[in-house]
Amino acid sequence: MNANETATGKRATAILRSRPFLTVAIVIAVWIGASFASPGFGAYGHLRYLIELAAVIGLVAAGQTFVVIAGGIDLSVAAIVTVSAVGLPMLSWQADPTGLTAILAVLAMTTAIGLVNGLGVALLRVHPMIMTLAMATFLQGLLIIIAGGSAVTAENLLVKWLGNARPAGIPAGILLWLAISAIMLVAMHATSFGARVFALGANPLAASLSGVPVSATTMAVYGISGFTSGLAGVLVLGMNGQGYVGIGDPYLLASIAAVVLGGTSILGGLGTYAGSIPGAILLVTITALITVVNASAGWRSILFGSLILGLLLLSGRESARR
Amino acid sequence: MTSTAPLLAARGVSKAFFGNPVLREVSIALLPGRVHALLGENGAGKSTLINLLSGALPPDGGTIEVDGRPVSRMTPAGARQAGIAVVQQELSLTASLSIAENIGLGAYPHRFGLIDYGELAARAKAACDLVGLYEPLSTPVGRLSLGRRQMVEIAKALYRNPRVLILDEPTSSLSATETKILTDLLEKLRGQGIAILYISHRLNEVMTLCQHVTVLKDGICTADRSLEGTDAAGLVRLMVGRDPGDLFPQWQSSPSVTPAVAVRNLSAGLMHDVDLDIRTGEVLGIGGLVGQGQEDLLLGLYGAIPARIASATVNGVSGLPGGVPKANALGLAYVPADRKREGLHLIHSIVTNLMLPGFARLPALKPRSRRAEREAAGRLAAQFGIKGDLGRAAQALSGGNQQKVALAKWMPHDPLVLLLNDPTRGVDVETKREIYHMLRNFAAAGKAVVLLSSDTPELVHLCDRVAVIREGRIVAMLERGGLSEEAIVSAAMGADRQKVAA
Amino acid sequence: AANCIKGDRKAPYTIGWANIYSVPTWMKQTQGTIEAEVETLKKQGLVDKLVVTDAQGDANVQIQQIQSMIDSDVDAIILIAGSSTAPARVLADACAKGIAIINFDSLVDTDKVTAKVNTDSSQWGDQAAKFLIDAIGGKGKILILNGPAGVSVSDDRRKGADAELKAHPDVKILAETNTPYNVAPAQEAVTSLLFANPEIDGILSLGGALSAGAVLALDKQGREQVPITGENARQFLELWKEKGLKSWATMQPNWLGAFATYVAVQALEGKDVPAFVKIPLPVIDNSNIDQYLARAADFPADGYIYSPYDQALFEKLLAGK
Amino acid sequence: MTSTSAQQAGALYWPVQGRRNMGVRGLFVVVLAFLVAYGVLFPGLFTASGFAKFTQSWFPLALVAMAQALLMLTGGISLAIGAMVSLGAVIAATTMAGPLGVAGGTAAVSLAGLGIGAMTGFIVVRLRLPAIVVTLAGSFIIGGAALLILPRPGGAIPDWLSNLLAGNTPAAFALLVVIIVLWKLYLATPLGLSLYAAGENPVGAYRSGVPVDGARIAAYAISGLLSTGAGLFVAAQTGSGDPIIGAAFTLNSIAAAVLGGIGFLGGQGTMRGALAGSLLLSLMISVMFFLGFTPVAQYVAQGLIIIGAVAIPQLRKGQQ
Ligand SMILES: Nc1ncnc2c1ncn2[C@@H]1O[C@H](COP(=O)(O)OP(=O)(O)OP(=O)(O)O)[C@@H](O)[C@H]1O
Ligand SMILES: Nc1ncnc2c1ncn2[C@@H]1O[C@H](COP(=O)(O)OP(=O)(O)OP(=O)(O)O)[C@@H](O)[C@H]1O
Ligand SMILES: [Mg+2]
Ligand SMILES: [Mg+2]
């Protein structure tokens with residue numbers, strides 16, 4: 001009885017001290033502070049909009065979190081988002097009025113791009129940074145060919161629905177994010193696959209000697225990253241009504257920042273997507289905050305950096321490794 | 001004699017990690033010209049004590065004294081100036097630097113502010129000669145086997161011409177031959193009036209080398225006395241607080257004729273053209289000087305490094321496994337020697353470490369049950385005597401306990417062939433006994449064990465046969481009847497080449 | 001002869017097109033006009049080759065590529081600069097080699113070029129401000145949307161608006177933002193600004209994609225559209241019509257590329273070309289927007305509907321009329 | 001006595017160097033092939049001015065690659081390299097033509113680099129915050145400062161300095177040689193070699209008496225100096241300042257370092273590798289130009305080249 005109580009107490013303090021929780025607390029504190037300064041900022045509609053924006057970053061960060069935990073990094077996510085958002089309208093063929101087939105086709109393509117990344121990292125032993133940077137470069141070349149050619153307005157019902165519908169008052173994008181988050185968290189923390197990813201990132205040599213299928217796991221995480229980036233591209237297309245070259249650009253740094261702000265170690269092996277979720281929300285919140293501040297571009301940039309640094313000081317101690 | 005002041009001493013020092021006391025009011029005094037043994041089970045606090053003595057950690061209470069004077073804040077640099085050198089249990093080497101640069105690290109000779117490579121080469125060479133390290137000084141340490149790295153670590157301590165030399169399990173991955181070199185050397189240094197603190201789980205070494213012993217149990221000093229008139233059993237009694245049984249189990253040889261693994265003309269890494277049969281029901285020892293290719297033999301069989309063969313069968317399937325997952329599926333399991341780099345995920349909890357081979361083999365999307373994992377890990381921990389909170393990161397475990405985790409994690413999978421690379425490295429005597437029993441029971445149950453060991457008595461008392469390896473070849477296959485430490489050592493040295501050939 | 005021209009180069013010429021970044025749609029359209037012009041000039045035997053580089057947005061790489069063009073001895077370089085200062089020195093080297101240099105769109109602060117061809121960014125800002133202030137009746141609260149900070153073009157457009165804004169102290173600037181010239185970031189910024197500022201009377205936007213983003217932001221929040229300035233981005237023009245906006249737009253015509261190519265060849269042929277060819281800002285308003293939208297299908301959905309051009313226009317511009 | 005000691009030094013020093021070359025041999029071959037290709041495609045490379053221009057376009061990338069490699073050797077990283085380059089450029093362009101003059105301007109640039117670098121190092125090392133986020137935040141702060149100093153491209157560098165550093169002189173190459181020699185000297189000091197130890201086995205290094213924190217903070221300071229120095233050179237090369245000129249250097253510095261075999265975990269790789277990586281990135285641009293690649297082909301080839309430069313040596317290693 002007594003022992004049970006202390007165990008619960010221990011778990012409670014562990015949760016209270018955890019990075020994801022701290023990040024959530026910081027987000028809420030920033031929201032409260034900002035709505036005192038500018039009442040409109042804290043309006044329900046605005047916060048909902050911020051979360052909708054965070055959904056895109058959050059989707060990209062889902063794959064990125066997997067990759068980073070596995071000890072890699074994916075620099076091709078921005079290009080994949082763009083390829084998805086620009087490529088999808090070209091696939092909207094008449095036969096399927098819902099548009100689902102086109103979405104599935106695009107997601108299959110972006111997942112395949114991710115798998116190629118994984119192939120390069122696992123089999124060619126190319127450093128993830130180099131492999132994914134090169135992939136991003138390839139995709140830029142591809143974009144010169146495909147972009148601007150035909151109309152790229154989204155005539156896809158499902159895409160439009162995703163970008164604009166609000167079932168039960170909640171934007172469909174947020175619902176999509178919630179669903180993907182649940183799947184990702186389960187895959188990460190409640191399956192053997194997730195455990196393999198952590199093992200791979202913490203010590204690839206030991207993981208391999210313990211029988212972890214290293215190549216397959218590596219390919220899978222990059223495949224997931226391609227998939228979630230592709231999904232983010234679909235969502236962002238729906239929200240904007242139109243895809244354009246460069247639409248994915250903001251999501252590279254944002255996804256990495258969300259992952260590390262959420263407490264995942266960039267060295268791999270430690271972390272959780274549960275941190276990247278508030279990390280993404282924190283990021284859009286700070287961006288919105290500096291947007292409404294009336295100051296010169298230089299000062300706004302300084303303010304942005306200082307906020308990140310300040311929040312990091314509150315939450316970001318790294319424990320020693322090795 | 002006894003009135004000489006201690007060169008280095010700890011007076012009533014205490015230390016706790018995250019509120020868990022590890023040392024409680026421990027005192028120890030190192031006298032010149034004396035080899036002082038520090039004994040205790042895994043996790044007793046030995047390494048922590050020497051970290052306090054060498055300034056790597058500050059004590060929570062108590063004082064450290066050098067030449068009888070308390071030092072207010074000891075640091076590693078200060079310790080070096082005071083003539084204290086440490087051979088760390090977890091090696092302090094940098095893989096990308098050369099042997100010489102590692103030996104000099106933190107104490108480079110310099111001229112005009114630059115490292116004096118001439119002086120460094122000369123002094124590093126002298127230190128290497130003392131321990132019998134003959135590799136070119138420019139070799140990056142990362143290319144050396146664990147045993148050779150251990151020698152570099154020792155040379156690094158000697159390079160500093162210490163007055164006080166602290167050795168934390170220096171022989172844990174050395175074979176009998178290298179150990180002999182080291183004990184002779186320590187004997188000589190003692191004669192020169194150096195104070196030596198010696199930690200080892202190999203009690204016969206302690207018996208031959210040391211004059212005085214301090215015993216730690218759960219962070220408390222339980223004995224501080226002369227070794228005179230004590231035998232190995234007495235030492236164990238001091239450590240565990242009860243009468244020890246025999247270290248090695250009694251057993252009947254019961255190998256079958258059916259080989260679990262049979263390879264012809266295997267070449268992998270340093271090994272070339274090896275023919276080997278591993279029979280079910282036997283413990284097959286692998287011996288030899290360190291770094292002769294023994295490890296590559298195991299890794300080649302395990303599918304972890306590329307291997308060429310003329311033919312092979314593994315548990316009835318022909319061909320060698322093409323990769324570790326396949327090897328696991330065929331019932332092979334491998335326990336590496338370098339637990340930090342190859343065996344464990346130090347930043348992950350002990351539970352996850354213990355469960356990892358399971359995660360690797362179960363279907364990828366199979367749901368995990370944390371409770372079942374905790375229970376399974378708890379059972380393994382109890383079986384192997386792994387101490388500590390299983391939810392904590394493996395890096396918080398003492399060296400010996402880490403080794404137990406690396407071995408224990410395979411047990412739930414009931415492997416048919418265990419490939420063990422120095423599995424008792426750094427393991428305390430009680431646990432060794434348990435491991436030995438387990439290995440023999442394992443063999444008795446009709447499975448096969450390959451035991452690569454640097455601990456020669458282990459090979460003699462535990463194995464049905466011992467393959468001795470030199471320069472990438474099996475130079476002798478000693479059967480149980482002909483097993484002795486001398487036979488193994490001489491085969492390893494190449495003394496009886498003729499005899500084997502005949 | 002024109003600046004930099006030594007008269008020792010003979011047709012057919014090799015033209016180097018030093019692009020800063022070829023991926024955006026505006027650039028792709030511009031490249032299209034250049035290629036069409038080159039085809040025409042090839043037929044006339046004046047040009048035999050077009051060499052294209054893409055600096056991938058990096059001004060330092062662009063310098064290196066211009067250097068390579070000099071090294072391979074092209075006859076003319078047409079250039080959109082990645083920085084208004086950085087290429088100055090390498091251009092001086094090119095000029096000294098007698099290479100015709102026509103700089104358009106993003107200009108370099110140097111006179112060591114044959115000619116610069118551009119609309120007037122400052123005038124752009126001025127006219128936009130005039131329209132907006134007029135449209136909101138000389139007073140009210142406005143937002144200013146501008147392109148990236150630290151870039152001359154956006155800075156010039158913004159500075160151009162200053163005089164008008166100062167002259168109307170009743171026009172209150174609620175906030176200014178800098179975003180890339182893209183729809184999504186502008187939409188995000190304006191959404192937050194709308195929440196923070198319940199009353200907004202007008203939006204001074206200095207880029208077409210920015211305007212589209214702003215209109216979408218207003219629309220998504222169900223707010224009434226306000227007077228807004230813009231550019232000839234197809235998406236914006238379509239929104240204008242669809243939402244019945246009170247609006248005004250101008251453009252940076254893509255045919256600047258074709259024109260620059262034309263000017264380069266003219267200069268090489270010994271024609272005297274002015275050091276600065278100022279392209280009058282075409283204005284789109286309610287009177288002519290339908291003409292633009294009628295041609296919309298010929299342009300990419302995320303592209304720009306530029307005004308028509310032909311040889312006669314080029315000759316007229318070059319003659320300074 | 002001295003001669004035997006020198007002999008011994010050589011006997012240790014040169015084999016050590018040789019071993020370090022092994023990891024980057026494949027890259028060296030690729031770079032050499034590109035150099036040869038460049039020479040064949042553009043014989044003007046072997047004239048004084050051709051060589052000068054070629055080294056000038058490589059030089060700033062070489063500096064930032066060194067700046068990044070230095071940090072990565074200690075297990076750190078910086079996403080603020082590009083902003084530091086911009087800051088160096090705007091400080092140079094706003095001070096040198098003014099009362100401070102070239103000497104004062106150079107001092108200001110150096111102090112800014114060392115100071116900001118050391119401060120970053122302090123935050124990362126002493127406050128134990130993850131380098132990647134600290135420097136990400138730093139990139140916004142430093143970039144903002146550059147915008148405050150020079151809100152739009154402008155400023156000026158005295159002509160003579162531009163001509164000296166980036167005219168038809170091999171000054172850039174000479175500077176690079178000096179910097180490499182200084183680096184070698186730094187590596188030959190105990191603090192320098194400690195970089196590797198502090199990066200790879202910080203606990204062991206600390207226990208060996210290495211000033212681990214000091215070595216890491218010093219690395220950040222030097223890295224800052226190299227970055228703002230690259231900014232100064234860019235300003236001289238272009239004759240003016242631009243507050244966003246450095247943006248692309250962040251990713252390129254990392255790419256060059258990783259291409260050159262520098263690992264993320266610290267202690268892996270050599271500076272010569274990073275320099276070769278940066279040279280490849282720079283050479284690639286010119287060689288593709290002279291091969292007449294279209295932009296699409298440039299993108300595709302660029303991707304293939306950087307993958308190939310890493311993968312081919314790896315595959316050969318795997319086969320052995
Ligand atoms: N950095 C640390 N953080 C937390 N706990 C630690 C740390 N270092 C050691 N411990 C704990 O302190 C205890 C003593 O460890 P120590 O390494 O001193 O044991 P040891 O006697 O050297 O054992 P072994 O024979 O296995 O080397 C162990 O229980 C260990 O888990
Ligand atoms: N002949 C020599 N004898 C002794 N010492 C030398 C000799 N030549 C150079 N040294 C010093 O020894 C140091 C060792 O560093 P080293 O040359 O290994 O740098 P490095 O890391 O290999 O270079 P890089 O990183 O560029 O590959 C050098 O910095 C140098 O100053
Ligand atoms: Mg220990
Ligand atoms: Mg080096």
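Every chain is numbered from 1, with letters handed out A, B, ... down the list of sequences. Being a predicted model, the structure only gives us computed values, none of them experimental.
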Self-check item: Side chain, backbone, both or neither of C:Tyr181 within contact of chain A (heavy atoms, under 4.5 Å)
Solution: neither

Testing the basics here: between [X] and [Y], what is the closest heavy-atom pair and its distance to 0.1 Å?
{"X": "A:Val245", "Y": "C:Asp302", "value": "N-OD2, 3.9 Å"}
{"X": "A:Asn240", "Y": "C:Gln235", "value": "O-NE2, 3.8 Å"}
{"X": "C:Gln187", "Y": "A:Met239", "value": "NE2-O, 4.0 Å"}
{"X": "C:Ala196", "Y": "A:Val292", "value": "CB-CG1, 3.6 Å"}
{"X": "C:Ala184", "Y": "A:Tyr244", "value": "N-OH, 3.0 Å"}
{"X": "A:Tyr49", "Y": "C:Glu188", "value": "OH-CA, 3.3 Å"}

Quiz item: Are the side chain of A:Gln242 and the backbone of C:Ala301 linked by a donor-acceptor contact shorter than 3.5 Å?
Solution: yes

Quiz item: Are C:Leu194 and A:His46 close enough, and set up right, to give a side-chain contact (heavy atoms from CB on, under 4.5 Å), and what steps lead you there?
Solution: CA-CA 9 Å; C:Leu194 289 176; A:His46 189 229; over 6 Å; no

Quiz item: For C:Asp58, which residues count as a salt bridge (charged side-chain N to carboxylate O under 4.0 Å, His left out) partner, sequence neighbours excluded?
Solution: none

Practice problem: Answer yes or no: does atom CH2 of A:Trp31 have more than 12 heavy-atom neighbours from other residues, nucleotides or ligands under 6.0 Å? | Solution: yes

Practice problem: Please say whether more than 12 non-hydrogen atoms of neighbouring residues, nucleotides or ligands are located less than 6.0 Å from NZ in C:Lys241. | Solution: no

Quiz item: Given the options C:Thr191, C:Ile173, C:Leu174, C:Asp54, which has more heavy-atom pairs under 4.5 Å with chain A than any of the others?
Solution: C:Thr191

Quiz item: Highest number of heavy-atom pairs under 4.5 Å with chain A: which of C:Leu193, C:Asn182, C:Val190?
Solution: C:Asn182

Practice problem: Could you check C:Asn197 against A:Ser38 for side-chain contact (heavy atoms from CB on, under 4.5 Å), going step by step and ending with a plain yes or no? | Solution: CA-CA 8 Å; C:Asn197 302 286; A:Ser38 152; over 6 Å; no

Quiz prompt | Structural part of A:Leu289 lying under 4.5 Å from a heavy atom of chain C | solution = neither

Practice problem: Check each atom of A:Ala288 against the heavy atoms of chain C and say whether the ones under 4.5 Å are side chain, backbone, both or neither. | Solution: both

Quiz item: Between atom NZ of C:Lys28 and atom CG of A:Leu143, what is the distance when rounded to the nearest 0.5 Å?
Solution: 9.5 Å

Self-check item: Reported OH-to-CD distance for the pair C:Tyr21 and A:Gln140, which is rounded to 0.5 angstrom
Solution: 3.5 Å

Quiz item: Would A:Arg300 and C:Asn178 count as a side-chain contact (heavy atoms from CB on, under 4.5 Å) if you check the C-alpha gap in whole Å, the side-chain angles of each, and the deciding distance to 0.1 Å?
Solution: CA-CA 10 Å; A:Arg300 266 184 279 137; C:Asn178 298 84; 3.1 Å; yes

Extract all donor-acceptor atom pairs below 3.5 Å that involve side chains of residues 202-214 of chain C and protein atoms in other chains or at least two apart in sequence.
residue, atom, partner, partner atom, Å
C:Ser205, OG, C:Gly207, O, 3.0
C:Ser205, OG, C:Ser211, N, 3.3
C:Ser205, OG, C:Ser211, OG, 2.7
C:Ser211, OG, C:Gly207, O, 2.9
C:Ser211, OG, C:Thr229, O, 2.8

